[in-house]
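A, B, ... follow the sequence lines: proteins, then strands. Residue 1 opens every chain. What you see below is based on every heavy atom in this structure, not just the backbone, and it leaves out hydrogens, waters and symmetry mates.
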Protein chains: 2
Amino acid sequence: MINNQFKKGELYSFITGKASTAIARRLQKNFKETGIEITIEQWSVLYHLWKEDGQSQQQLCEATFRDKPSITRLVDNLEKSKLVKRVASKNDRRSNLIFLTKEAKALEQKTMDVANRTLNEALEGVTNGQIEIAKEVLQMVYDNLK
Amino acid sequence: MINNQFKKGELYSFITGKASTAIARRLQKNFKETGIEITIEQWSVLYHLWKEDGQSQQQLCEATFRDKPSITRLVDNLEKSKLVKRVASKNDRRSNLIFLTKEAKALEQKTMDVANRTLNEALEGVTNGQIEIAKEVLQMVYDNLK
DNA sequence: ATCATATAGTTGTTTATGCAACTATACAAA
DNA sequence: TTTGTATAGTTGCATAAACAACTATATGAT
């Protein structure tokens, strides 16, 4: 019986992810107020493309922890918004490489500023030591289940 | 500049809630394998009704951290599945009180067992001290943003 | 009693997720 | 080469979330 003193009332918030839901809503609100017209899901894809442009959809699946249909449709919508382009891979004709447009590149700094600000709002009053431990726990949970 | 040593690479997981996504997926999978035919969102509503039956939709909004349209449709689907009934309130005719059916009452213990098992899978190798701190941090984040 | 406002719930629209089924291409073994 | 299998991506369907606009009822001020 692992962690058997973990009480039910506490269980609920862990499972339902109220904290990350709250962060996501606030980030979306802050994007909107800053005039940034993307969803946080689209932002999470752009985030990985800013780190490395020209990734395949499969790579984006792994990076964003989403399945293939989700990425297909996020890329569809990002393409409609002129933020990315699909380019067929020359090595492997099954594969699309996704490239940022100029418009998307211009968004990077602005959105990262908003994201950092949002995180500061979220973590106000939390010590760095606490954050480190919370981060470790979330990583362990992810590793246990992924 | 609060928490200014909080690095970008770490930011991403916090915002995207990969850990709670992983827990939610695993719980859904465990429900399915146990023959429990509800979504985790429906379960989160039932969870609060098991604690107190006959709550209004508005109360369920606050309890589950969802907006009114989300609860309207979750209750719609729970009603279709014969798990709850809407009953018009006698005191306030604007308000619906939501009551569990026998079928839903029979689900409580089985789903709570699966949820506890899922949480044990998620938290394997995490100490109770770490869990306590993570829980505090998530609560503070929620309180900062809600 | 009347009127303004607040509250409870519903509906429509867009975006996203999860799952299964599908197409097309690559690759490896015979 | 052929054949079987794995991989990359798409499509269809059901469920859910976010937001705005809406209806109906309640409440408080005059």
Side-chain angles (χ1 to χ4, degrees), chain A residues 16-18 20-33 37-46 54-81 83-84 86-98, chain B residues 16-18 20-33 37-46 54-81 83-84 86-98:
Chain A
T16 56
K18 279 163 82 167
S20 60
T21 301
I23 291 177
R25 284 186 197 161
R26 179 63 64 91
L27 180 59
Q28 186 71 73
K29 180 170 162 256
N30 287 345
F31 276 166
K32 195 172 186 180
E33 285 174 6
E37 302 255 310
I38 59 176
T39 67
I40 51 167
E41 293 84 1
Q42 292 170 0
W43 177 80
S44 81
V45 172
L46 296 178
Q55 293 189 62
S56 69
Q57 294 187 200
Q58 184 57 44
Q59 286 176 300
L60 292 173
C61 288
E62 284 145 25
T64 64
F65 196 40
R66 288 185 168 84
D67 69 357
K68 290 190 291 179
S70 292
I71 290 297
T72 292
R73 279 143 179 158
L74 281 172
V75 171
D76 285 348
N77 284 335
L78 284 166
E79 235 180 359
K80 271 187 221 157
S81 309
L83 293 172
V84 305
R86 279 181 170 94
V87 177
S89 165
K90 287 174 185 175
N91 307 333
D92 185 341
R93 286 197 298 164
R94 292 170 303 180
S95 168
N96 293 330
L97 304 182
I98 311 302
Chain B
T16 56
K18 280 164 82 168
S20 59
T21 301
I23 292 178
R25 283 185 200 163
R26 177 64 64 90
L27 180 59
Q28 186 70 73
K29 180 170 161 255
N30 287 344
F31 276 166
K32 196 172 186 180
E33 284 175 5
E37 301 255 311
I38 57 176
T39 67
I40 50 168
E41 293 85 1
Q42 291 170 2
W43 176 81
S44 80
V45 172
L46 296 177
Q55 293 189 62
S56 70
Q57 295 187 199
Q58 184 56 44
Q59 286 176 300
L60 292 173
C61 288
E62 284 147 25
T64 64
F65 196 39
R66 287 186 168 83
D67 69 359
K68 291 191 291 180
S70 293
I71 290 296
T72 292
R73 280 145 179 159
L74 282 171
V75 172
D76 286 348
N77 284 335
L78 284 166
E79 235 179 0
K80 272 187 222 159
S81 310
L83 293 172
V84 306
R86 280 181 170 94
V87 177
S89 165
K90 286 173 185 175
N91 307 334
D92 186 340
R93 287 197 299 163
R94 293 170 303 181
S95 168
N96 293 330
L97 304 183
I98 312 301

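If you check dA17(D), dG9(D), dA8(C) against the side chain of Glu41(B), the one that comes closest is dA17(D). Among dT10(D), dA16(C), dG9(C), the nucleotide with an atom closest to any side-chain atom of Arg86(A) is dT10(D).
If you take CG of Leu27(B) and C1' of dT17(C), they are 16 Å apart, rounded to a whole angstrom. When the P atom of dG9(D) is taken as reference, atom CD of Gln55(A) falls 11 Å away, rounded to whole Å. What separates CD of Gln28(B) from P of dA14(D) is a distance of 16 Å, to the nearest Å. Going from atom CG of Leu60(B) over to atom P of dG9(C) covers 9 Å, rounded to whole Å. Protein atom CG of Leu83(B) is 13 Å distant from nucleotide atom P of dT15(D), rounded to whole Å. Atom CG of Asn96(B) and atom P of dA24(D) are 15 Å apart (whole Å). Atom-to-atom, CD1 of Ile40(A) to C1' of dA18(D) comes out at 10 Å; the value is rounded to the nearest Å. Computed from coordinates, the Ile23(B) CD1 to dT17(C) P distance equals 18 Å when rounded to whole Å.
Using a 4.0 Å cut-off, no side-chain N or O of Thr39(A) falls inside it from OP1 or OP2 of dA18(D). For the OP1/OP2 pair of dG18(C) and a distance below 4.0 Å, the side-chain nitrogens and oxygens of Arg25(B) include at least one atom meeting the criterion. Phosphate contact (OP1/OP2 of dA26(C), side-chain N/O of Asn91(A), threshold under 4.0 Å): absent. Between dA16(D) and Gln42(B), a contact under 4.0 Å exists linking OP1 or OP2 to a side-chain N or O. Phosphate proximity of dG9(D) to Gln57(A): absent, as no side-chain N or O sits under 4.0 Å from OP1 or OP2. Of the side-chain N and O atoms in Lys68(B), none sit less than 4.0 angstrom from OP1 or OP2 of dA21(D).
Side-chain atoms of Arg94(B) and base atoms of dT7(C) include a donor and an acceptor less than 3.5 Å apart.
Ser89(B) comes within contact range of no nucleotide atom at all, as no heavy-atom separation falls under 4.0 Å. Using a 4.0 Å heavy-atom criterion, one finds that Asp67(A) contacts the bases of the nucleic acid, with or without backbone contacts as well. Among the protein residues, Lys32(B) comes within range of the sugar-phosphate backbone only, with heavy atoms under 4.0 Å from sugar or phosphate atoms but none that close to a base.
In terms of heavy atoms, Ile98(B) sits closest to Val75(B) at CD1-CG1, 3.9 Å. Shortest non-hydrogen contact noted between Ile40(B) and Ala24(B) is CD1-CB, 3.3 Å. Taking each heavy atom of Arg25(A) and Arg66(B) in turn, the nearest pair found is NH2-CA, 4.2 Å. When every heavy atom of Phe65(B) is checked against every heavy atom of Lys18(A), the shortest pair comes out as CE2-O, 3.7 Å.
Proximity of Asp76(B) to Arg86(B): side-chain heavy atoms (C-beta onward) are separated by under 4.5 Å at one or more points.
Applying a 4.0 Å cut-off to non-hydrogen atoms, the residues of residues 69-79 of chain B that approach DNA chain D are Pro69(B), Ser70(B), Arg73(B), Leu74(B), Asn77(B), listed by residue number.
Of the two residues near DNA chain C, Phe65(A) and Leu97(B), the one whose nearest nucleotide lies more 5' is Leu97(B). Nearest-nucleotide positions on DNA chain D place Gln58(A) closer to the 5' end than the other of Arg66(B) and Gln58(A). When each of Lys80(A) and Cys61(B) is assigned the nucleotide of DNA chain C with its nearest heavy atom, Cys61(B) is the one assigned upstream, toward the 5' end.
Surrounding CD of Glu37(B) are at most 12 heavy atoms belonging to other residues, nucleotides or ligands under 6.0 Å away.
Remark: the backbone N or O of Leu83(A) is not paired with any side-chain donor or acceptor of Ser81(A) at under 3.5 angstrom.
There is a side-chain donor-acceptor pair under 3.5 Å between Ser20(A) and Ser20(B).
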